[in-house]
Amino acid sequence: MAEWRKSSYSANASECVEVATGIGIRDTKAPAVHLAVGAAAWSSFLGAVKRSA
């Protein structure tokens, strides 16, 4: 079973985005569905977020 993690900035546990390593991302309101994201794409996304901060 995947270990889904959410941001520590999520104020409400039922309204956030979660990520699972090797799986992808999902909305906590629709946990049965997730968006698959590969490792390279995820690293690229995180790099872009860090550069824009």
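Everything quoted here is computed from the prediction, not taken from an experiment.
Alongside Trp4, the hydrophobic cluster contains Ile23 (criterion: ILVMFWY side chains under 4.5 Å).
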Sequence neighbours left out, cut at 3.5 Å: what donor-acceptor pairs do the side chains of residues 45-53 make with other protein atoms?
from	atom 1	to	atom 2	distance (Å)
Arg51	NH1	Gly47	O	3.2
Ser52	OG	Ala48	O	3.3
Ser52	OG	Val49	O	3.0

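Note that CH2 of Trp42 and OG1 of Thr21 are 9.0 Å apart. Values are rounded to the nearest 0.5 Å.
With hydrogens and angles disregarded, a donor-acceptor distance shorter than 3.5 Å links the side chain of Ser43 to the backbone of Ala39.
In terms of heavy-atom proximity, Arg26 sits nearest to Val33 at CB-O, 3.4 Å.
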